[in-house]
Amino acid sequence: MMDEMDVDDDDIETSSPTDTTLMKTAFLVGGTIGLALGAHFMVDSAVDIARSLGISQIIIGLTIVAIGTSLPELAASMVGAIKSEADLSVGNILGSNLLNVLFVVGTVSIMSPLDVEPSTLTIHFPVMLGICVMLLPIAWTRFEITRLEGGVLLATFLSYMTYIVIWTV
């Protein structure tokens, strides 16, 4: 497991007990503002790139924007795994997906109805649902996702990204 990676808890920076609540709050607010600004610039840049290259915005959203917005989840999950806090990693992923599907799509569609491209319904939604179904037996066997199973998930992701880039651009 992650114990074999020779990573000490001391190698992972955490807040110090001497940090004040005000300081921790300032870091939290500052980090949130930084993420929001970074997301704004990333989305604007990705849309500009898509338009200049004649690439569908759905493709840019499924690749560049999706990867960019998932990097914080990857970092948090890796820290959780290194610190043997598997529940933190799994909760982070599930919470992020629920937030995206329910809160983000719900909020955005209340502000302005969302148009859904036909390829989203015929290709991308079925892939997402299929991957969710594939994850169930993986997680339920021994209630652990092994390295091999993680490799299968990563290979599935890379295959899907390859499909998107090669056959839909």
Looking at every heavy atom in both [X] and [Y], which two are closest together, and how far apart are they?
X	Y	answer
S89	A81	OG-N, 3.3 Å
N92	A76	ND2-CB, 3.8 Å
M161	L62	CE-O, 3.3 Å

So, taking the atom named [atom1] in [X] and the one named [atom2] in [Y], what distance separates them when rounded to the nearest 0.5 Å?
X	Y	atom1	atom2	answer
D48	R51	CG	CZ	7.0 Å
Y163	H124	OH	NE2	6.5 Å
L135	E149	CG	CD	9.5 Å
T20	M23	OG1	CE	4.5 Å
I123	Y160	CD1	OH	8.0 Å
T162	F157	OG1	CZ	9.0 Å

Ignoring hydrogens and angles, state whether a donor on the side chain of E117 or T120 is under 3.5 Å from an acceptor on the partner side chain.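 Looking only at side-chain atoms, T120 and E117 do not form any donor-acceptor pair under 3.5 Å.
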Honestly curious: do [X] and [Y] fall in one hydrophobic cluster under the side-chain, below-4.5 Å linking rule?
X	Y	result
V133	L121	no
M128	L94	no
I59	L53	yes
I58	I131	yes
L99	V101	no

Other residues, nucleotides, ligands: >12 heavy atoms within 6.0 Å of D87 CG: no
Walk me through whether I49 and I55 qualify under side-chain contact (heavy atoms from CB on, under 4.5 Å). CA-CA 8 Å; I49 291 169; I55 298 172; 5.6 Å; no
Mind checking whether V105 and N100 have side chains closer than 4.5 Å, heavy atoms only?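 A side-chain contact under 4.5 Å is absent here.
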Does the side chain of L114 come within less than 4.5 Å of V108's, by heavy atoms? yes
Between S96 and I93 (side chain of the first, backbone of the second, donor and acceptor by atom type, cut-off under 3.5 Å), is there such a pair? no
Hey, mind stepping through L153 and M134 against side-chain contact (heavy atoms from CB on, under 4.5 Å) and telling me if it holds? CA-CA 9 Å; L153 293 172; M134 179 178 85; 3.4 Å; yes
